[in-house]
There are 2 protein chains.
Amino acid sequence: MEKYQIDSLDRRIIEELQRDARKPFLDIARKCQVAGGTIHQRIEKLKEKGVITGSKITIDHKKLGYGVEVLLGIHLVNAKVVSKVVKKLEKFPEVVQSLYTTGNYALFVKVVTKDIDHFHNFLVKKLQAIEEIRSTESFICLETPIDRELQV
Amino acid sequence: MEKYQIDSLDRRIIEELQRDARKPFLDIARKCQVAGGTIHQRIEKLKEKGVITGSKITIDHKKLGYGVEVLLGIHLVNAKVVSKVVKKLEKFPEVVQSLYTTGNYALFVKVVTKDIDHFHNFLVKKLQAIEEIRSTESFICLETPIDRELQV
DNA sequence: ATTGAAATCATTAGCGA
DNA sequence: TCGCTAATGATTTCAAT
């Protein structure tokens with residue numbers, strides 16, 4: 001993985017698009033005092049180099065009836081089975097993220113569920129049914145006071 | 001927080017925009033066999049109702065020289081000081097996320113740093129300098145095999 | 001990096017189911 | 001209420017400089 005050296009224009013473009021991925025290139029161009037085509041070219045290059053990997057809209061899960069978000073620390077019976085477990089986790093739509101980590105847990109998993117019943121059901125019927133999982137610890141997310149992008 | 005009832009067209013629009021926030025409305029319209037203006041109207045409504053809260057590009061931190069991502073579990077001296085701690089954490093650009101959680105830790109924090117030295121420095125000079133923090137546990141993120149959006 | 005032109009898109013209004 | 005069509009202005013994209 002080689003590093004890509006960006007300049008201050010790239011930096012400003014990334015900043016703007018982190019705030020709003022749909023911001024018109026011409027808006028950014030006017031703000032940065034360059035031509036619209038320049039912004040277009042820079043973004044193409046950032047994508048080509050793999051710096052910008054995509055874009056997504058952000059959704060308020062609660063508005064769609066998904067009110068319970070939980071971070072789970074997972075202990076496995078054996079460290080070798082991690083990828084097997086991840087393959088099983090992938091099949092559950094409740095799982096939105098998984099992280100291999102060093103330290104006390106083999107992995108962390110983030111799940112989004114409708115309510116506590118739904119979460120409980122997920123935990124017992126789906127997660128604890130995976131035989132490679134020895135035990136889990138649940139950290140229910142009450143609030144996310146900071147959620148932002150890396151300042152580049 | 002009232003729930004907003006979406007239909008299958010809303011669902012498809014959200015799906016498409018989660019994959020690519022910049023996808024032209026007309027593309028989505030053709031895929032869904034409706035007029036472009038319809039997609040526009042639906043998206044406006046989803047924004048107005050607070051379902052869609054924004055959009056952002058995704059960046060490969062490693063490509064910009066930020067190679068070490070760490071999840072930190074934090075124990076406080078006293079649960080009452082949580083918001084004070086978050087205010088201090090906000091000032092550190094390395095912190096990209098913080099979560100209040102139930103259970104063993106008062107909060108989790110995700111930090112992005114250039115390398116282990118940078119992380120170590122952050123931990124000792126910044127995080128452990130916060131007097132309300134009793135102790136921390138570091139979970140270095142080795143890989144993120146699952147990272148996706150809620151299927152609505 | 002800029003310009004300028006062509007193609008495509010976003011946005012709005014009025015109409016109709 | 002919701003989706004459609006059509007018109008306008010803005011944006012994206014690309015080739016040439």
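All heavy atoms count here, side chains included; hydrogens, waters and symmetry mates do not. It should be emphasised that the depicted structure is a prediction, and the values quoted were computed from it without experimental measurement. In what follows, chains carry the letters A, B, and so on, assigned in the order in which the sequence lines appear, proteins first and then strands, with residues in each chain numbered from 1.
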> Less than 4.0 Å between a side-chain N and a carboxylate O, is that true for A:Glu90 and B:Arg148?
Replying inline: no
> Does the pair B:Leu64 and A:Ile6 meet the rule for a side-chain contact (heavy atoms from CB on, under 4.5 Å), with working shown?
Replying inline: CA-CA 8 Å; B:Leu64 296 178; A:Ile6 62 171; 3.8 Å; yes
> Heavy-atom distance under 4.5 Å between the side chains of B:Val95 and B:Lys110, does that happen here?
Replying inline: no
>> Using a 4.0 Å cut-off to any heavy atom of chain B, which nucleotides of DNA chain C are the first and last in contact, reading 5' to 3'?
In response: C:dC9 to C:dT12
> Quick one: what's the B/S/- string for nucleotides 2-17 of chain D, heavy-atom cutoff under 4.0 Å, read 5' to 3'?
Replying inline: SBBB-----SBSS---
> Is A:Phe139 close to B:Tyr100 at the side-chain level, that is, under 4.5 Å between some pair of heavy atoms?
Replying inline: no
> Between B:Glu132 and B:Lys88, is the closest basic N to carboxylate O distance under 4.0 Å?
Replying inline: yes
>> Name the residue from B:Glu15, B:Lys23, B:Arg12 that meets the side chain to side chain contact (heavy atoms under 4.5 Å, CB included) definition with B:Ile28.
In response: B:Lys23
> Would you say the side-chain atoms of A:Thr38 pair up with the backbone N or O of A:Arg42, donor to acceptor, closer than 3.5 Å?
Replying inline: no
